[in-house]
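One structure below.
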Number of protein chains: 2
Amino acid sequence: MLKHAAVDRVFRALGDPTRRSILERISRRPASASELVRPMRVTLAAVVQHLQVLEASGLIRTEKVGRVRSCRVRPEGLEVAERWIAQRRAAWSERFDRPGRILEGRS
Amino acid sequence: MLKHAAVDRVFRALGDPTRRSILERISRRPASASELVRPMRVTLAAVVQHLQVLEASGLIRTEKVGRVRSCRVRPEGLEVAERWIAQRRAAWSERFDRPGRILEGRS
DNA sequence: GGATTTGTCAAGTGGCGACTTTAGTATCGC
DNA sequence: GCGATACTAAAGTCGCCACTTGACAAATCC
């Protein structure tokens with residue numbers, strides 16, 4: 001059923017380049033917050049804030065062991081986005097695939 | 001190759017609920033700006049601004065005929081998002097599908 | 001032609017979001 | 001224990017973004 005707010009969080013999360021680059025990084029392999037900062041030119045604090053956004057959106061999962069917080073991708077998180085897109089495609093193609101109905105016109 | 005800025009524009013565009021509802025509406029059938037305002041509780045000016053964002057991101061195509069600007073979905077626009085997601089999935093599953101390599105560790 | 005509909009343009013407002021700095025807390029290595 | 005590492009929490013700054021208002025332009029309708 002695709003909850004409005006969930007879709008919102010996911011797409012908003014994906015709308016930031018820093019967050020996407022975090023996702024790109026940890027979809028290859030999990031990483032800690034400080035490992036993630038290294039190649040970037042933002043503060044650790046900024047990265048942690050991004051991690052919070054990503055986790056709230058369901059796109060990543062983090063776990064603190066000892067003093068290090070390790071972050072890994074949550075592949076199911078992307079399904080929210082994928083499903084929304086799939087629904088748009090479905091609605092769009094429905095206009096053409098309907099036998100016995102004319103393209104234009106209502107319904 | 002998925003240009004950084006293009007991905008940005010698409011996901012940012014999708015990150016707004018009003019814009020998504022515009023997309024949902026016109027993926028069923030094209031509509032004019034004023035038709036789009038009707039069910040919403042924002043100004044026409046706001047809707048037009050959203051349309052500009054959507055068009056700049058490649059998600060819709062608009063065409064002005066007479067005094068009415070009609071908006072239709074541009075299905076290729078979504079491919080940018082789909083490809084980015086697909087690449088994440090690919091990178092993620094690569095960690096497991098690789099025969100002869102151990103899960104953890106570098107490379 | 002005159003009123004209405006449909007959209008455009010420009011400017012202003014308010015809030016949120018990305019980021020920083022500063023200060024503090026736990027954990028690890030020696 | 002001590003220093004360094006790895007975060008956490010709180011506060012402040014700044015710019016952008018969604019939205020409004022108001023004035024204007026151009027089709028369309030009668």
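Proteins get letters first, then strands, A, B, ... in listed order; numbering begins at 1 in each.
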Heavy atoms under 4.0 Å, any strand shown: does A:T43 hit a base, just sugar-phosphate, or nothing?
-> base
Rounded to the nearest angstrom, tell me the gap between atom CG in B:L54 and atom C1' in D:dA18.
-> 13 Å
Could you work out which one of D:dA18, C:dC19, C:dT6 sits closest to the side chain of A:V42?
-> C:dC19
Please determine if a side-chain N or O atom of A:T18 lies less than 4.0 Å away from the OP1 or OP2 oxygen of C:dC19.
-> yes
Side-chain donor or acceptor of B:R89 paired with backbone N/O of A:P75 under 3.5 Å = yes
Run the salt-bridge test on A:R29 and A:E35 with the 4.0 Å N-O cut-off and return the result as yes or no.
-> no
Per B:R67 side chain, nearest of listed nucleotides C:dT20, D:dA27, D:dT20 = D:dA27
Mind calculating the distance between CG (A:L51) and C1' (D:dA6) to the nearest angstrom?
-> 13 Å
Taking for B:V48 and for A:D16 the nucleotide of DNA chain C with the nearest heavy atom, the one nearer the 5' end belongs to B:V48
With DNA chain D as reference, determine whether A:L44 or B:A45 sits nearer its 5' end, using the nearest nucleotide of each.
-> A:L44
5' priority, DNA chain C, between A:G66 and A:H50 [closest heavy atom] | A:H50
Give the rounded distance in Å between these two atoms: CD of B:E63 and P of C:dT6.
-> 18 Å
Sugar-phosphate, base or nothing in reach of A:A46, heavy atoms under 4.0 Å = base
Expressed in angstrom and rounded to an integer, what is the separation of B:R12 atom CZ from C:dC16 atom C1'?
-> 11 Å
Here the distance between atom C1' of D:dA10 and atom CD of A:Q52, to the nearest Å, is 12 Å
Nearest-Å distance for atom pair CD/C1', residues A:Q49 and C:dT22 = 14 Å
Taking CZ from A:R41 and P from C:dA18, how many angstroms apart are they, rounded to a whole number?
-> 16 Å
Short side-chain N/O contact from B:S32 to OP1 or OP2 of C:dT6, under 4.0 Å | no
So which pairs with a foot in residues 48-62 of chain A pass side-chain hydrogen bond (donor to acceptor under 3.5 Å, both in side chains), sequence neighbours left out?
-> A:R19-A:H50, A:E55-A:T62, A:T62-A:R69
Checking B:R88 against B:W84: charged group under 6.0 Å from the ring centre and within 45 degrees of the axis?
-> yes
Atom CZ of A:R69 to atom C1' of D:dA9: distance rounded to whole Å?
-> 13 Å
CG/A:L44 to OG/A:S32 distance, rounded to the nearest 0.5 angstrom?
-> 9.0 Å
Are A:K64 and D:dT8 close enough that a side-chain N or O sits under 4.0 Å from OP1 or OP2?
-> yes
